[in-house]
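One structure is given here, and the rest of the page talks about it.
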Amino acid sequence: MEKTKEKSRVLVIGATGRLGHYLTRFSIQSGHPTFALIRNSTFSDPSKSVTLESLSSSGVTLLKGSLDDEASLEEAVSKVDVVISAIPSKHVLDQKLLINVIKRTPSITRFIPAEYGADPDKTQVSDLDHGFYSKKSEIRRLIESSNIPYTYICCGLFMRILLPSLVQPGLQSPPVDKVTVFGDGNVKAVFVSEVDAAAFTIKTIDDPRTLNKTLYLRPCGNVCSMNDLVEMWEGKIEKRLVKTFVTESQLLEKIKETPYPDDMEMVFIYSFFIKGHHTYFEIDESCGGVNGTELYPDVKYMTVSEFLDTLL
C-alpha cells in the first residue's frame, strides 16, 4: 500500500491579522502542523489575548519572534516546510531578512510572500502609487534571485475594500440616491473575501501545479465592472440611482491634488476600474500564471451579490 504523504508544516507570519487568522484556520483544518510567529509585544498586549488564545486552542503552535530578529526567524523557519507571509502591504519590504533566512534553510519547499492583491508586475501606476507595487515587485525579484521556491497569490481586491461603499471614495456604505461611475463603467475588477483568499492559498502549498507560479483568482460572479455593481445594487434596493460619470483625466486630476495617503483609494480605482489591471491579461500557464478557481473547483466562495446582501 502506498504511504500517505505527510502534510507540510506551515509557518504563518502575521497570524494575528484578519487574513493571517484565516490562513492558520484553514491550515489546521487541512491537517498541516501549523506555527505562528508572534512578536513579544503581542503576548503582553491585552487586546490580543483573545486572538492568541483562539490560535492556540485551535492547535497553532505560537513562536516568539519578529521579522527584524534573525535568530528567532532562523529558529521558526527551521521547524517548517512552508512559510506564508500575511503582513500588511506597507511593511512588505520587512520580508527581506526573512527571505535571507529562507534562502539558507534547505528544508523550505514553498514561500508565499505578502501580496494577495493585484499582480504588482502587471500594474502601470508607478507614478501614482508611492511605491506600493514596486516594493512588492522588489520582493519578487529577491525571492527569484535567491532561488527560493514560491507561489504568488493575486486575488484582486478584498471585498471589505471599496465594495462596502460601491466604489464611492469617502463613503462607508453604498449610496441610495446617486452614484459616481469612473470611466465608462465597463472595465472589470475582481473581488474576493479574505476568508476565501486564505482557503485558496492553503490549497496551493502542497500542489506541484502552483510551484513557482502566480495563482490568480477570478471567481465567477466576482469579476464586475462599476456598471455591474450599480445594476446589482439597484436590483437589491429596487431603486434607480442617478449616475455621474467621472472621466480618466478628471480622476487623475483629483488624485494629483489629494495628499498621500488619502489619494490611494482613488489610485486603486484608477488602476482597477479604468486601466483594468486585474483583468486586461489572460491567465496563461506558459507565462507563469494558473487559475485558482479552475484548479480548486471544490472551494466554495462568497460572491459579490452575496456580499452586497450583507449591506442591506
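Predicted model only: the values in this text are computed from it and were never measured. The first residue in the sequence is number 1, and the count goes up from there. Note that these values count all heavy atoms, side chains included, but never hydrogens, waters or copies made by symmetry.
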Quiz item: cation-pi between Arg218 and Phe281, 6.0 Å / 45°: yes
Establish, yes or no, whether a centroid distance under 6.0 Å links the rings of [X] and [Y].
X	Y	value
Phe268	Tyr270	no
Phe191	Phe158	no
His278	Phe272	yes

Looking at [X] and [Y], does any basic side-chain N land under 4.0 Å from a carboxylate oxygen?
X	Y	value
Glu115	Lys136	no
Arg209	Glu294	no
Lys135	Asp129	no
Glu253	Lys256	no

Side-chain donor/acceptor pairs under 3.5 Å, residues 166-173, sequence neighbours excluded:
residue, atom, partner, partner atom, Å
Gln168, OE1, Thr180, N, 2.8
Gln168, NE2, Leu166, O, 3.0
Gln168, NE2, Thr180, O, 2.9

Does some side-chain heavy atom of [Y] sit less than 4.5 Å from a side-chain heavy atom of [X]?
X	Y	answer
Tyr150	Asn212	yes
Val83	Ile112	no
Lys239	Trp233	no
Asp184	Phe245	no
Val242	Asp177	no
Arg140	Asp119	yes
Thr123	Tyr133	yes
Pro219	Val190	yes

Any residue meeting side-chain contact (heavy atoms from CB on, under 4.5 Å) with Asp68, in chain and number order, not counting sequence neighbours: Ser66
Qualifying residues under side-chain contact (heavy atoms from CB on, under 4.5 Å), relative to Asn40, sequence neighbours excluded: Lys64
Among Val290, Thr204, Leu295, side-chain contact (heavy atoms from CB on, under 4.5 Å) partner for Lys213: Val290
Among Leu97, Leu98, Leu93, the one residue meeting side-chain contact (heavy atoms from CB on, under 4.5 Å) with Leu67: Leu98
Thr151/Phe111 under side chain to side chain contact (heavy atoms under 4.5 Å, CB included): CA gap, chis, key distance, verdict: CA-CA 6 Å; Thr151 299; Phe111 176 45; over 6 Å; no
Please tabulate, one pair per line, all N/O donor-acceptor pairs under 3.5 Å involving side-chain atoms of residues 297-312, not counting sequence neighbours.
residue, atom, partner, partner atom, Å
Asp298, OD2, Lys203, NZ, 2.6
Tyr301, OH, Cys220, N, 3.1
Tyr301, OH, Cys220, O, 2.8
Thr303, OG1, Glu306, N, 3.1
Thr303, OG1, Glu306, OE1, 3.4
Ser305, OG, Lys236, NZ, 2.9
Glu306, OE1, Thr303, N, 2.9
Asp309, OD1, Lys236, NZ, 2.7
Thr310, OG1, Phe307, O, 2.5

Working for side chain to side chain contact (heavy atoms under 4.5 Å, CB included), residues Ile148 and Lys103: CA-CA 6 Å; Ile148 293 171; Lys103 180 181 179 180; 4.2 Å; yes
Ile38 vs Leu52, side chain to side chain contact (heavy atoms under 4.5 Å, CB included): CA-CA, chis, key distance, verdict: CA-CA 9 Å; Ile38 308 294; Leu52 294 178; 3.9 Å; yes
Contact list for residues 75-94, test salt bridge (Lys or Arg N to Asp or Glu O under 4.0 Å), sequence neighbours left out: Arg9-Asp81
Reported OG-to-CD1 distance for the pair Ser27 and Ile84, which is rounded to 0.5 angstrom: 6.0 Å
Criterion side chain to side chain contact (heavy atoms under 4.5 Å, CB included) on Thr201 and Tyr116, from CA distance to verdict: CA-CA 9 Å; Thr201 298; Tyr116 313 103; 3.9 Å; yes
Plane angle bin for His277 and Tyr280 - parallel if under 30°, tilted between 30 and 60°, otherwise perpendicular: perpendicular
Residues Lys243, Glu234; criterion salt bridge (charged side-chain N to carboxylate O under 4.0 Å, His left out); working and verdict: CA-CA 12 Å; Lys243 295 181 182 178; Glu234 287 176 332; 5.5 Å; no
Counterpart residues, side-chain hydrogen bond (donor to acceptor under 3.5 Å, both in side chains), relative to Ser137 (two or more places apart): Asp121
Ser225 versus Asn227, side-chain donor and acceptor atoms under 3.5 Å: no
Donor-acceptor side-chain pairing of Asp207 and Tyr296 below 3.5 angstrom: yes
